[in-house]
Visitor: 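Here's a structure for you.
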Amino acid sequence: MKDQPTGLHEKLIRGFELEMISPPCVPGSEQWSGQARLDTDITEVLPYLNAYFPETSYDRDAQVVLMKRDGKKCAFRPHLISVAPVDDREEASRLLNKLAGLVNETWRNRSTIEPSYEQKAIPTVMELYRLLPRTNCKKCGYATCMAFAAGLREGKTELSCCPELNLKQFAQNREALEAILSTYSL
Ligand code: SF4
């Protein structure tokens, strides 16, 4: 059954399929990422979200808007909204409905918003990858450090999933990664 975002007159998102994802390094993890697979393409609303909400990061090429709300990391992509961390499906559903409502509200008010294409710094996969141990040891659950970097950037995994970063020789790398990741949402 599809989740239905709460009522607004002009809805861009009318429903979504909810999927729960846990970091691959910790099967059975208590921490989840909730993902809403949308029934529509929200590409057009992204620059309006970027303008409407002050604390956003927008990457036009990657077509993603990132923001933090209520301590959660939120990402808006053309066919996907994600939120993390969440404890369970119920919390994910509640938060994703709220975020879908935000999209609908922004879309409804778009005639009063000047869209913003200003891009704020979001680290690239390569920037994150360069700071990883680059041994491709697979302990994080990903086949390569590059895949882990991509997962980090998308908020699908977390630094703690790479045990190699706890080694003394990678202490500075870990600090640098923590600093980078703390400045943007997902
Ligand atoms: S655990 Fe760390 S070093 Fe090993 S593959 Fe994953 S990211 Fe690379």
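Ligands are counted one by one from 1 in listed order, and the atoms in each one are counted from 1 as well. Only a predicted model underlies this, so the values are computations on that prediction, with no experimental measurement involved.
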Visitor: Is the distance from atom 4 (Fe) of ligand 1 to the nearest N/O/S atom of Cys145 under 2.8 Å?
Guide: no
Visitor: Restricting to N/O/S atoms, is Cys162 within less than 2.8 Å of atom 6 (Fe) of ligand 1 or not?
Guide: no
Visitor: Considering only protein heavy atoms, which is closest to atom 7 (S) of ligand 1, and at what distance to one decimal place?
Guide: Phe148 CD2, 3.4 Å
Visitor: Name the closest protein heavy atom to atom 4 (Fe) of ligand 1, giving the residue it belongs to and the distance to 0.1 Å.
Guide: Cys137 SG, 2.2 Å
Visitor: Got the closest protein heavy atom to atom 6 (Fe) of ligand 1, with its distance?
Guide: Cys140 SG, 2.3 Å
Visitor: So does Arg94 pair up with Glu90, basic N to acidic O under 4.0 Å?
Guide: no
Visitor: Measure up the Tyr142 and Phe148 rings against each other and bin them: parallel (under 30°), tilted (30 to 60°), perpendicular (over 60°).
Guide: perpendicular
Visitor: Indicate the atoms forming the closest heavy-atom contact of Ala92 with Val86, along with that distance.
Guide: CB-CG2, 4.0 Å
Visitor: To the nearest 0.5 angstrom, please state how far the CZ atom of Arg77 sits from the CG atom of Leu46.
Guide: 10.0 Å
Visitor: Ion pair present between Glu91 and Lys72, side-chain N to carboxylate O less than 4.0 angstrom?
Guide: yes
Visitor: Is any side-chain heavy atom of Thr106 closer than 4.5 Å to a side-chain heavy atom of Val103?
Guide: no
Visitor: Taking the minimum heavy-atom distance to atom 3 (S) of ligand 1, which of Thr135, Leu167, Leu128, Thr144 ranks first?
Guide: Thr135
Visitor: Which of the atoms in ligand 1, numbered in the order shown and given with their element, are less than 4.0 Å from a heavy-atom of Asn136?
Guide: 5 (S)
